[in-house]
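Report on the following structure.
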Amino acid sequence: MQIKFKVNGEAREIEVTPFHRLLDLLREDLGLTGVKEGCGKGECGACSVIMNGRLIPSCLVPAPQADGAEIITIEGLAEGNSLHPLQEAFIETGAVQCGFCIPGMIMAGKNLLDENPSPNEKEVRTALSGNICRCTGYTKIIEAVMLAADKMDSKGSGSDE
Amino acid sequence: MSDKQYSVKDYYCKHTTRCSSETIKDSKRFVGQDILKADAEDKVTGKAVYANDITFDDMLYLKVKRAVHPHAILKDIDTSKAKKVKGVVDIFTAEDIPDLRKFGLIIRDQPVLVALGKTMRYLGDALAVVAAESIEAAKKAVDLIEVKIEELEVITDPFRAMEADAVNIHPDGNILITHNLETGDVEAGFAESDIIVERKYQTQFIDQLPMQNEAGTAFYDERKGRVNIWAATQWLHDIQADVAQSLRLAKDQIRIIQPTIGGAFGKKEDVSVHIHLAIAAMRTGRPVKLTFSREESMITQSKRHPITIINKTGVSSDGYLKAWQTKFIGDTGAYASSGPAVVHKGMYHATGPYNVENIKGISHAVYTNNTYAGAMRGFGTTQGAFAYESQMDIMAHELKMDPAEFRQKNIYQLGSCTPNGQRLNHSVNAEETIKKVMELSGWKGGK
Amino acid sequence: MKQENKQTISGRDFEKYFQVKNLKKALEIKAKYEDQILLIAGATDVLVENYEKLHEIKNWLDLSRVKELKFLEVKEDKLILGPLMTHYELKNSQRLKQKLPLLAKAAAAVGSPQIRAKGTIGGNICTSSPAGDTLSALLALDASFKLQSKIDSRLVKAEDFFLAPKRNGLKDNELLTQIEIPLYPEESLSFWAKIGRRKALVISTLNLALVLYFEQGLIKRAGVAVGSAAPTPIRLREVEELMLGKSLAELNYRELGEEVKKRVSPIDDIRGTKEYRENVVRDTMVNALKSIEKRREGGKNAD
Ligand SMILES: Cc1cc2nc3c(=O)[nH]c(=O)nc-3n(C[C@H](O)[C@H](O)[C@H](O)COP(=O)(O)OP(=O)(O)OC[C@H]3O[C@@H](n4cnc5c(N)ncnc54)[C@H](O)[C@@H]3O)c2cc1C
C-alpha cells in the first residue's frame, strides 16, 4: 500500500507492507540510518523518533500506521551546519561514547524539552527512562539534557530583548 | 554572549581528538582539559556509520540456521524446501565447504558450520547459512531447513561436566584448562591462624549487552581476490588472521574495515558474523549483510563466566591474613573463547588488594553446553572481587572487627607483592581509597 | 555506499491490511475474518509477540484510526473510556487524575514514555497478561467492559473477563469498544503500587490496587486487586468484605495482609519466587492501608 508522510519536514510517498516497521522504512527505504535498532522490542529506546509530537519506538509501528504522520528523526535536528542545542550539549558534556543510544537519547531529550523547557533532574530521568545506554552510566547524558535546557532557555530570553 | 560559542569544526585536530585546547602544546594539552571526542558530532547527528548502516546495491541478506538442540549429533540436514523459497539465492552447509578449519581466540575449537556426523555443542552453533534477496525470504528459508539429530546428554553444570561418567563435550574431556597458584606455605599459614573461614561463592552469566548487535556487510573483490568485511571487532588483526586461516586464505585476502563500534565490553572480541559473511560473499559474488537479532546475539556470542569460588582463609586474632586457599571453577560454555585466560586471571586476583603470604589456588575452565563465556570488563576479576570482599566482611564479622579497619590492616602498600609475584612499586593508593570511601560514606564503624 | 529507496520487499507482496476509520467497518471485518485476522491498536504487544514473524501474518485489522474508540467521558455516575486511549493520555488526563487517580497512576507505571505513548488501555486489557498494570486498577474500581460484535453487544465485569494467562472472554467476532467505571458518591482514597526490578521498563513482579470508599468514617465499599500473583489479575472480594462497615482504626492491617497472602497463588518465575511474592503482597497491602490512613489524617488531597 501507498502511504504519505512527512519526515524531517519533507513530504514522502512510499510503497510499504505491514511487515515493514516504521524503523525499516526510515532506515532501509529512506536511508535515515541514524535511527538505530537495539532490540526490536521496544525495550531499549535506540529507535525512538518523534511521531505526531510524541516519542515512540519506531520498531513497534507497522509502517502503514505512519500514513499521514509527521516524523522527526535525529537527522532532522540540525539546521544546516548549526547543531541543535541538545546535540551541542551532548558533545560538550562528554555524554557520547559508543554513540549507538545517542540518537534515541537526543530524541527523548527533545520530546521532553518540547513539553517542558526547564525540567528538573527527576523529570529528565523519567523522560529518558525508556532509553538504555551501556557505556556512560547516564550521568553525563542527564547533564547534557539539563545543559541543553539552559542553552535553549537563554536563547529564548535573548530573543525577547 | 560569550566568545566560547564554539563550532565543533574549530576543534577538529587532525589526529584522533577534537580538543578545546589546541593551542596549548605542552603536556597539559589533554590532562585536566575538556576534550571533545573526535566522532561525537557524527554520533549526535546520526551520521556515524555502524556496520548495520552499510548498504550496497544488489545486496543479499543472510540468516543463520542455528543448532536445534544444545548437545546433539547432526544426522541429516535438508535444505531442499528452503531452497524453493522465492528470493533465496544460496544456502550453504559444512558439506558445501569441505576445507573449513575451526576458529577461536585462544584455542581453535569452534566450527564455522557443524558438519554431518559432528556435534552441535550449544544453541548458537551454525548449521547452515541462507542468502536471499530479502530478510523475510531468508527467515522463511531458515524455518524450512529440516534437521535430524541424535541427542546427547545436555550438560549445563560444570560440576556435572567434571564427573567421570559425563559425556565429553570436546574430545579431550570437559576440563579445558587447569591452572595452579602457590606462594609461601598455605598449611603453615593455616596452622598460624586463629580463625579459619571457608565459604563458597557463585556468580552468574552476564551478557555484556552492547547496544549494537553483531552485524556486518561483506563484498568479494574478485579482481584482487580479496574479501572486504565491514564489521565491528575488538581485535582487528587477530580476527583477520582467524578468518583467513579458517578459510585457508592468505591474510591479505581478508580485509576487515572497522566501522563505528556500537559498544562491545568484551562481547566483540570473538568472531561473530565475519566468516559466514566472507563465505557468502565469495560464493554469491554479491555484497552480503548479516545482522543478529538481540536474541541471536544473546544465544550465540560470549558471556561473562559464571564462576564458583571456594575461599578458605586464615586470619590471626589481631586481624592479619595468614593463609588463603582458593578454587575457581569457571563455566566456559561450549567453546574456549577467552575462557582459559579469564578463569585463571580471576584466580590470580583471588586475594584482591590484600597482603597474604601463603596462598594456594587452583582454577579449572570447564566446558558445558551453555553459551560460551569469554571476555567482559574485568576479565575474571569482578567475579573474584565479589568473593574476596564478601570473605573479608565475613572474617571481620568473625573477628568482631570493623571491616574497614580489617581491610586497612591488610591492604596493599608500596612494596607489596601480588600472588603471582609482581612487586608493586608505584601508584599504590588502595589505603587512601579506603579512607576516602570511609569519609565520603560517613562510615561510622561496625562489626 | 548508502542508498535511498532500498526496498526489501514490494508492497504488492502482502495480502490484507485494513486500516478502518469507523467502528461499523471494523466490526464487519471482524465478523468476516473472526480469528483469521490480527487485530492491532497500539501494536506494542503484537509486534513484540510477532518479532521476526511479521511477514507470516496474512490479515491485519488496524483499529488505530477509529476515532470513535478514543474518548474519555465523565457521566453522572460513571466514567467511560474508549479502548484506544493511550497510557500517556490516561496518565496526563486531569479528569482521570481527579476522578480515578488509581487508574491514572497505574497507566503512568506502564513501560516507558515510548510505550505509554503507543500502548492503549484496550490493548492492555485484551492482552490479558496476569501482570498487565492497568488490570488490577480496573478490577479494584469495579470496571466493566463493553464487548461488541456486528450484531449485538454485552457488558462484562472485569472480574469475569480474565480467564487464564493471556486468555479472556472475547469472542472471535467481538471487539472491546468501551470501558465503564462507576463513580461512587462516597469520598474515596486509593493506592496503587508496582513491585519490579527497575523503575521503568519492567513487567510487574507484583502490583496491587486498593480503593476504599468512606461514608461517615466507615468503609462503605472497597476494592482490592492484585496482579502477577495468580494466573490472572484477581479481585479479592473476600478481603474487601472483611473491611466493610469498619473504620480504618478498626482494621488490623497485618491480618488483612495475611488474608491477601492467603488468597494469591503466585508462581516462581524469572521475576520473583512464589515465596517472595506471597510475602511482598502481604506487606504491600499493609503499606497500602498505612498510606491511605496517612492521607486521611493529612486531608484528602495529600498524596
Ligand atoms: C517494552 C515494553 C514494555 C512494556 N511494559 C509494560 C508494563 O510495564 N506494563 C504493562 O501492563 N504492559 C507493558 N507492556 C505491554 C503493552 O505495552 C501493553 O499491554 C499495552 O497496553 C498494549 O496496548 P497496545 O495498544 O499496544 O496493544 P496491541 O499490541 O495493539 O494489542 C494487544 C492485544 O489486544 C488486542 N486488542 C487491542 N485492542 C483491542 C480491542 N479494542 N478489542 C479487542 N482486542 C483488542 C490485540 O488484538 C492484541 O491481541 C510493555 C510492552 C513493551 C513492548
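Every chain is numbered from 1, with letters handed out A, B, ... down the list of sequences.
Heavy-atom neighbours of Glu13(A) CD from other residues, nucleotides or ligands within 6.0 Å: above the threshold of 12. By the neighbour-count criterion of 12 heavy atoms within 6.0 Å, atom NZ of Lys97(C) is densely surrounded, having more than that number from other residues, nucleotides or ligands.
Under a 4.0 Å N-O distance rule, the pair Glu89(C)/Lys70(C) qualifies as a salt bridge. By the 4.0 Å N-to-carboxylate-O rule, Glu10(A) lies too far from Lys6(A) to be salt-bridged with it. One finds a salt bridge joining Glu88(A) and Lys151(A) here, because a Lys/Arg side-chain nitrogen approaches an Asp/Glu carboxylate oxygen to under 4.0 Å. We find that Glu28(C) and Lys24(C) are joined by a salt bridge, their nearest charged nitrogen and carboxylate oxygen being less than 4.0 Å apart. Salt-bridge check for Asp133(C) with Arg116(C): failed, with every basic side-chain N at 4.0 Å or more from each acidic carboxylate O.
Of all heavy-atom pairs spanning Pro83(C) and Ile179(C), the tightest one is CA-CD1, 4.0 Å. For the residue pair Ile56(A) and Gln114(C), the shortest heavy atom distance occurs at C-CG, 4.1 Å.
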task: Decide yes or no on side chain to side chain contact (heavy atoms under 4.5 Å, CB included) for Arg21(A) and Asp24(A), but give the supporting numbers first.
output: CA-CA 5 Å; Arg21(A) 304 161 298 171; Asp24(A) 306 319; 2.8 Å; yes
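With values rounded to the nearest 0.5 angstrom, Asn207(C) atom CG is found 9.0 Å from Ile195(C) atom CD1. Going from atom NZ of Lys110(A) over to atom CD1 of Ile72(A) covers 4.5 Å, rounded to the nearest 0.5 Å.
Comparing Ser64(C), Pro113(C), Gly111(C) by how many heavy-atom pairs each has under 4.5 Å with chain A, the most go to Pro113(C). For the set Thr86(C), Val46(C), Ile115(C), the count of heavy-atom pairs under 4.5 angstrom toward chain A peaks at Ile115(C). By number of non-hydrogen pairs under 4.5 angstrom with chain C, the leading residue of Gly68(A), Cys59(A), Pro64(A), Ala127(A) is Pro64(A).
There is no contact between Ala63(A) and chain C, counting heavy-atom distances below 4.5 Å. Of the atoms belonging to Asp67(A), heavy atoms from both backbone and side chain fall under 4.5 Å from chain C. Neither the backbone nor the side chain of Arg125(A) comes within less than 4.5 Å of any heavy atom of chain C.
At a heavy-atom cut-off of under 4.5 Å, chain C is reached by Lys41(A), Gly42(A), Glu43(A), Gly45(A), Ser48(A) from residues 41-50 of chain A, listed in order of number. Identified by a heavy-atom distance below 4.5 Å to chain A, the contributing residues of residues 48-55 of chain C are Val48(C), Tyr51(C), Leu54(C), His55(C), in residue-number order.
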